[in-house]
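Letters A, B, ... are given to chains in the order of the sequence lines, protein chains preceding strands, and every chain is numbered from 1.
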Number of protein chains: 2
Amino acid sequence: MSAPELSTRQLRAFLALAQQRNFTRAAQQCHLSQPAFSALIRTLEDAVGARLFDRDTRSVQLTVEGRLFEDAARRLLDDIGEALQDVNDHVARRKGRVHVAALPSLAAGWLPAILAEFGRDWPGITVALSDALSDGCIALVRNKQADFALAAAGSGGAADLQAHALCSDRFHLVCRADHPLAAERRLSIAKIARWPFIQMARTSSLRQALDAAVAPARFKAAFEVEHLATVMGLVDAGLGVSVVPTLTLFHFQRASLVTRPLPLPGLQRTLYVVQRRGESLSSAAQALHDLIMARLATLALG
Amino acid sequence: MSAPELSTRQLRAFLALAQQRNFTRAAQQCHLSQPAFSALIRTLEDAVGARLFDRDTRSVQLTVEGRLFEDAARRLLDDIGEALQDVNDHVARRKGRVHVAALPSLAAGWLPAILAEFGRDWPGITVALSDALSDGCIALVRNKQADFALAAAGSGGAADLQAHALCSDRFHLVCRADHPLAAERRLSIAKIARWPFIQMARTSSLRQALDAAVAPARFKAAFEVEHLATVMGLVDAGLGVSVVPTLTLFHFQRASLVTRPLPLPGLQRTLYVVQRRGESLSSAAQALHDLIMARLATLALG
DNA sequence: GCGCTTTACGCTGCGCGTAAGTATC
DNA sequence: GATACTTACGCGCAGCGTAAAGCGC
């Protein structure tokens, strides 16, 4: 009653014999001795439960049941080959899909060039990019929507995820070029804290890292906004100053503004690559991960 | 480069592990020791060319490539099972088709009851019946349109066919009940030859058998027709007498006619089962052949 | 007798189970 | 230390090739 066992060798031998109608030639085609080939056909006939060939010394030809099985065998071998080919295409990165979640700063600033290079290297792979705040990135990984994330919080105490540090970027003061702090000889948290400050929302990982880094000091929050572009607008309008990580400085590259690194050792945030623990990346995801690692040097970390 | 080998055991093992996500349980399900099962999975991964499971001591789960392969494996096993089931249905005579060619006399007289019984025994099998003259029957077999034939000529000197005798039927005089021959005490060819005779066409196997049997005597051909029903009509109209084999007597079962066996030993024709040499019958055809042989006793051979 | 398949028969090696090893929690 | 996968290892048997035997022409 248990299902009979069948192998691709048997199917290939069967088709070879159906084509050659001669045991000796079919055996050669299968790189087998003729008796071994004969035995292989016999085991196939036992497995199928039907005599598939009429053979005598003079002729070999398919039985009616053999002809029935011939079509099926051909289809089966094709399907098997197709399935293997498909997996191989994914392994060889001719096909695939990778979904990376990244902080907005990375998604807007550094990643696009890498994704472009990746697209040139592996044109068959579809790339999806989610720009989300750190918690959102990590949620996407946990949900198995994203393959991995580039986010600020580490594994966050979650046993199902694992993180390794990608890089650390330092914080910079941003203010108008005509602001007194722009010319201040020795910057410090205390000096900055005297001026109206443009905060990010409390949900922002940037804000959390900053609060943690300067504690117990506090800034005078003149505004609390969601987006760095808004921070830039407010600062440029002279409504306050702010402190942002290196990776976001591209928002502030304009003549009317000044950015100054804060030379305080503890004042930095670390970015992590986050993925599901114990689960390997797909071939496509691994390729993107590798490229990201290889291009780390291009991250201009002031 | 040569295509990798794959077996149903590997596919079943793969699906068991994908389902159980635990080597020990999956091994039990496959009736294998856990190490043997582990090795089987490894050989599958080698054949496919991709790691299909992420495993550590705590968890086993499909990789992305594994999930790709899972659907394919399920489909493949289904298709294989279906192919085997189909062949088995044919072997077990739950499906199939048999095409028999038979002389008109058999097709009209004796076969229908057998075909009806066959249809009751094997309702899944489609039966095709060709009623043709002997040469036509044999041509159908040679063309592989018919599985076998019940015909009068033997193998006919053809090396590609083989025939074995089915039965011999004797010849009978048919004439009107009021015809002098109806009351003749001792019939003979010579006595019959004095009367107008209704011949079959020369292409008829019946005619050929009859000519050969009575040679060198000849009948006085009053008519030469194609069909036995016509012979009956002509005889019934008093236009002549005729001589026909036992199997065709059903055409002449009416009060106005008399049929009398001709007690001459050599005067008979032999019917053969004809099939292609060296080619076995399909399961369905064999079943019909067997039934025909088993019902030979019901042939009323006068 | 010739050509082709099958049977006979050692032999190698794949693949099994048992047992020890290793890693993770 | 408990659990679960992997490695180590000895062994039996499936499956190979060589050689001999059947078998139909």
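When the nearest nucleotides of DNA chain D are assigned to P35(B) and T43(A) by heavy-atom distance, the more 5′-ward of the two goes with P35(B). Nearest-nucleotide positions on DNA chain D for L40(A) and D56(A) put L40(A) closer to the 5' end.
S33(B) comes within 4.0 angstrom of a base, heavy atoms only. Residue contacts for A39(B): at a heavy-atom cut-off of 4.0 Å it reaches no nucleic acid atom on any strand shown.
Protein atom CG of L32(A) is 14 Å distant from nucleotide atom C1' of dT18(D), rounded to whole Å. Note: CZ (R55(A)) to P (dC23(D)) measures 15 Å, nearest angstrom. The nearest whole Å value for the distance from the CD1 atom in I41(A) to the P atom in dA14(D) is 19 Å. One interatomic measurement links the two molecules: CG of L52(A) to C1' of dT5(C), which rounds to 17 Å at whole-angstrom precision. Separating the CD atom of E45(B) from the C1' atom of dT6(D) is a distance of 13 Å, rounded to the nearest angstrom. Atoms CG (D54(A)) and P (dC4(C)) sit 18 Å apart, rounded to a whole Å. Per the geometry, CD belonging to Q162(B) stands 10 Å off P belonging to dC25(D), to the nearest Å. One atom, CZ of F37(B), and another, C1' of dT7(D), lie 18 Å apart when rounded to the nearest Å.
With distances taken from any side-chain atom of R9(A) to the nucleotides dT5(C), dC16(D), dA19(D), the minimum falls on dC16(D).
For the segment residues 15-28 of chain A, the set of residues with a heavy atom within less than 4.0 Å of an atom of DNA chain C comprises N22(A), F23(A), T24(A), in numerical order.
Checked by atom type, the side-chain pair T270(B)/S168(B) shows a donor-acceptor distance below 3.5 Å. Checked by atom type, the side-chain pair S282(B)/H90(B) shows no donor-acceptor distance below 3.5 Å.
Under 4.0 Å is where a charged nitrogen must lie from a carboxylate oxygen, and between R75(B) and D79(A) no such pair does. Salt bridge annotation for E45(A)-R55(A): present, with a cationic side-chain nitrogen under 4.0 angstrom from a carboxylate oxygen.
Although no hydrogens or angles enter the test, the distance criterion places no donor-acceptor pair under 3.5 Å between the side chain of S280(A) and the main chain of D54(B).
The shortest distance between the side-chain N/O atoms of S38(B) and the OP1/OP2 oxygens of dC5(D) is not below 4.0 Å.
Annotation: F148(A) is in aromatic contact with H289(A) [ring centroid separation under 6.0 Å].
Counting heavy atoms of neighbouring residues, nucleotides and ligands inside a 6.0 Å radius, atom CD of E82(B) does not exceed 12 of them.
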